[in-house]
Structures are given as structure tokens and as C-alpha cells.
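Just below is one structure, and these are the notes that go with it.
For this chain, numbers begin at 1 and follow the sequence in order. The figures that follow rest on heavy atoms only: side chains count, while hydrogens, waters and symmetry mates do not.
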Amino acid sequence: MSAAKKQYKRITVKSLVEMKANGEKISMLTAYDYTMAKILDSAGLDVLLVGDSASNVMAGHETTLPITLDQMIYHASAVVRAIERCLVVVDLPFGSYQSDPKEALRSAIRIMKESGGHSIKLEGGREVKESIKRILNAGIPVMGHLGLTPQSIYKFGTYTVRAKEEEEAEKLMEDALMLERIGCFALVLEKVPAKLAKKVAEALTIPVIGIGAGNGVDGQVLVTHDMIGMTHEFNPRFLRRYLDLFADMTNAFENYITDVKSGDFPSDKEQY
């Protein structure tokens, strides 16, 4: 007989560790604005990621690199105002932490103070170890991110699966263990082989949340706009579309245009 799952009124970093220990999968999606965050939070989601993917989804950039710290704080502030239950994780954008641990700390402090976010996420392993330690020492919770790290896309040159070769897989495991050891509360693995991701999740006591990393991890994250079908050009293997809002919204807009052009809208009942 399975134990009843604990009901959380508010998700914290401690909650996620408990969920992993209890075998409960963690649900995580992205949010960049108040309205969407309100819906996601009320649906019972565990974690909202204010991702630097806002650079693509909200601003139309090709990569995540152009988004600024000020813009991330703007998006995170809107999300935080909407939530009652979710843990809010905010990405540190490219250029705000890589060069100097002191700059990394300043960036993280700005996000926490100005947005009200609950934690930050940054990409990389041993290369950013000192920055992570500096942030953690200030009492700021950190979520790591390994595998495909989109901020390094020009280094990789492709969005293909990472850590397929033994050497890179070994480094990923070493980095994952290091991130847990220095105090990260969770880890995102992006586009890595499912067997490797499962091995990492089993080796760590902190939660491992996957995107394109199979079902052997402790939770899943997707970009909300992708999974509800608002975007339609992006079709990776790991994406499951739960709605086709691109088609539904297009149809609604076309009907509105038709009704306005014909004079059908507004009707007598829709006037004062």
C-alpha cells in the first residue's frame, strides 16, 4: 500500500528534496508574465521557471543570449506577483555570472531583492563553481543546469544531444556530484541520453529535473508556450503538445475579424 503524498500549501526548496525522497515526480514549467503564472500556479504546478528562454519566446531572439538582467527581473517580478503555491526559480542571464564570482553574487542579489524570486538557476559545472559557491554563501538557493546549456550554444554550434560520448558523460556526472556537494538544491539536465540522466538522478540526493532527459529523473520541465502549442515551429522529440493554441487562437482571431468587418460584432446585447 503506497503512502499518501504530502500536500504542500507552498513549495520550497526543502519540499522538492522531500518529493524526491518520497518518490513523487516534480512538475515544472516556464512563466514570464502575471497572467500565465496565475493560471499555472492555480493548476497546482510545483515549480515555475522564469527562464532566459523569454529571450526566444517573448522577444523573438534566435538565442537566449540577448536578454538582460533588468529584463529577467521584470519578467520575474510579474510572475512572483501571481503565485501562491509554486517555487519560483529565475535564470541568471548570459554575462551576469560567468566572468567574476562577485558579479555573479551581485546579479543574484538583484534578482532576489528586486523580483522577489525564491531561487536562481545558472548553467555550467566546474567552470562556474566559484560563482555558485559565492551565491550559496549569501544564502541564495541555486539550481544547477548541465547537459545542453543554451547560453553556450556558439561553443557547441548545435542544439544536439549532449554527453553521448564517454568523456563528456563522465564530466557531466562529476559536475553533477560537485553541484550537489557544494550545496545546489536541484539540477536541470537538458538533452542528455536517458540512461545517463537516470544514472545521475540515482547518484544524487537532490532532485534532477529533465528536459529531453528521459523518464528516469525526478521531474520534468518544458517551455509552456511550446507544450500548449502557441509556438509551432519547434518540434523536438521530447516535446509533447497538450494543446494546439496556435490553431485555436488563429481561428478565434479570424472569426473576430470577420464579425467586425460584417458588423455582426458588437450585437445589440453587447452594447450599452
Q. Quick one: do I109 and V88 end up in the same hydrophobic cluster if we chain Ile, Leu, Val, Met, Phe, Trp and Tyr together by side-chain heavy atoms under 4.5 Å apart?
A. yes

**Q.** Under 3.5 Å donor-acceptor, D91 side chain and P93 backbone
**A.** no

Q: Could you tell me which non-hydrogen atom of I228 sits nearest to which non-hydrogen atom of M36, and how far apart they are?
A: CD1-CE, 3.9 Å

(Q) Using the rule that Ile, Leu, Val, Met, Phe, Trp and Tyr join whenever any side-chain heavy atoms are under 4.5 Å apart, tell me whether V79 and I111 fall into a single cluster. (A) yes

Q: Hey, could you give me the OG/NE2 distance between S115 and H75, rounded to the nearest 0.5 Å?
A: 12.0 Å

Q) Under 3.5 Å, is there a donor-acceptor pair between the side chain of S53 and the main chain of N56? A) no

Q) Are V50 and Y34 connected, step by step, through hydrophobic side chains (Ile, Leu, Val, Met, Phe, Trp, Tyr) whose heavy atoms are closer than 4.5 Å? A) no

(Q) Looking only at side-chain N and O atoms, does S267 offer a donor or acceptor that is under 3.5 Å from a partner on E270? (A) yes

Q. Between the main-chain N or O of G95 and the side-chain N or O of Q98, is there a donor-acceptor pair closer than 3.5 Å?
A. yes

**Q.** Distance-minimising heavy-atom pair for T63 and S55
**A.** O-OG, 2.8 Å

(Q) Working to the nearest 0.5 angstrom, can you tell me the gap between K14 NZ and L87 CG? (A) 13.5 Å

Q: For residues 245-257, pull every pair meeting salt bridge (Lys or Arg N to Asp or Glu O under 4.0 Å), keeping only residues two or more places apart or in separate chains.
A: none

Q. Where do G124 and T149 come nearest, in terms of heavy atoms and distance?
A. N-CG2, 4.2 Å

Q | CG-CD1 distance between L45 and I26, expressed to the nearest 0.5 angstrom | A | 11.0 Å

Q | Residue pairs passing the ring pair (Phe, Tyr, Trp, His ring centres under 6.0 Å) test where at least one lies in residues 38-74, sequence neighbours excluded | A | none

Q | Cluster companions of F246 among Ile, Leu, Val, Met, Phe, Trp, Tyr (side-chain spacing under 4.5 Å) | A | none

Q: For M28 and V188, work out which heavy atoms get closest and say how close.
A: CE-CG2, 4.4 Å

Q | Any donor-acceptor pair under 3.5 Å from D100 side chain to K102 backbone | A | yes

Q) If every non-hydrogen atom of V208 is compared with every non-hydrogen atom of A201, which pair is closest and at what distance? A) CG2-CA, 3.7 Å

Q. With distance as the sole test, does E127 use its side chain to make a donor-acceptor pair with the main-chain N or O of G125 at under 3.5 Å?
A. yes

**Q.** M72 and its side-chain contact (heavy atoms from CB on, under 4.5 Å) partner, picked from I120, D52, L92
**A.** D52

**Q.** Stepwise side chain to side chain contact (heavy atoms under 4.5 Å, CB included) check, H118 with I83
**A.** CA-CA 11 Å; H118 307 141; I83 64 100; 3.7 Å; yes

Q. Side-chain heavy atoms under 4.5 angstrom apart, residues restricted to Ile, Leu, Val, Met, Phe, Trp, Tyr: same cluster for L148 and M143?
A. no

Q) Is it true that K171 and E167 make a salt bridge, defined as a side-chain N closer than 4.0 Å to a carboxylate O? A) no

**Q.** Residue pairs passing the salt bridge (Lys or Arg N to Asp or Glu O under 4.0 Å) test where at least one lies in residues 200-218, sequence neighbours excluded
**A.** K20-D218, K198-E202

Q.
Go through it in stages, so that I can follow the logic: the residues are L187 and V200, the test is side chain to side chain contact (heavy atoms under 4.5 Å, CB included), and I'd like the CA-CA distance, side-chain angles, deciding distance and then a yes or no.
A. CA-CA 10 Å; L187 171 66; V200 172; 4.3 Å; yes

Q) Do any pairs count as a side-chain hydrogen bond (donor to acceptor under 3.5 Å, both in side chains) and have a residue in residues 133-148, sequence neighbours left out, and if so which ones? A) K121-H145, H145-E190

**Q.** side-chain contact (heavy atoms from CB on, under 4.5 Å) against Q7, all qualifying residues, sequence neighbours excluded
**A.** none

Q.
So, using salt bridge (Lys or Arg N to Asp or Glu O under 4.0 Å) as the criterion, who are the partners of E114 when residues are at least two apart?
A. R110

**Q.** With sequence neighbours excluded, residues passing side-chain contact (heavy atoms from CB on, under 4.5 Å) with E165
**A.** none

Q: Heavy atoms only: give me the nearest A76-V90 pair and the separation to one decimal.
A: CB-CG2, 3.8 Å

(Q) Return the CE to CZ distance between M178 and R126, rounded to the nearest 0.5 Å. (A) 7.5 Å

Q | Validation row: I211, F238 side chains within 4.5 angstrom (heavy atoms) | A | yes

Q: Hey, could you give me the OG/CG distance between S96 and L122, rounded to the nearest 0.5 Å?
A: 8.0 Å

Q: Count the heavy atoms belonging to other residues, nucleotides or ligands that lie under 6.0 Å from CG of N235, then report whether that count exceeds 12.
A: yes

(Q) Please say yes or no: joined through hydrophobic side-chain contacts below 4.5 Å, possibly via intermediate residues, are V192 and L146 part of one cluster? (A) yes

Q: Can you sort out the partners of A104 under side-chain contact (heavy atoms from CB on, under 4.5 Å), two or more places apart, ordered by chain and number?
A: Y97, S131, I135

Q: Please lay out, stage by stage, how S107 and E103 fare under the test side chain to side chain donor-acceptor pair (under 3.5 Å).
A: CA-CA 6 Å; S107 300; E103 182 183 17; 5.1 Å; no

Q. Got C184 and I132 here, is their nearest side-chain heavy-atom distance under 4.5 Å?
A. yes

**Q.** Check: T30 side chain, T224 main-chain N or O, donor-acceptor pair, under 3.5 Å
**A.** yes

Q. When Ile, Leu, Val, Met, Phe, Trp and Tyr are grouped by side-chain heavy atoms lying under 4.5 Å apart, directly or through other members, which residues fall in the same group as V223?
A. Y32, V57, M58

Q: For L40 and C86, run side chain to side chain contact (heavy atoms under 4.5 Å, CB included): C-alpha distance rounded to whole Å, both residues' side-chain angles, the deciding distance at 0.1 Å, then the answer.
A: CA-CA 9 Å; L40 291 165; C86 288; 5.8 Å; no

Q: Would you please name every residue forming a side-chain contact (heavy atoms from CB on, under 4.5 Å) with V17, sequence neighbours left out?
A: P207

Q. Could you state the interatomic distance from CG (L136) to CZ (F185), rounded to the nearest 0.5 Å?
A. 10.0 Å

Q: List the steps, then state whether side chain to side chain contact (heavy atoms under 4.5 Å, CB included) holds for K25 with Q220.
A: CA-CA 8 Å; K25 298 283 190 177; Q220 300 293 330; 5.8 Å; no

Q. If you look only at pairs with a residue in residues 35-49, which of them pass as a salt bridge (Lys or Arg N to Asp or Glu O under 4.0 Å), with sequence neighbours excluded?
A. D46-R85

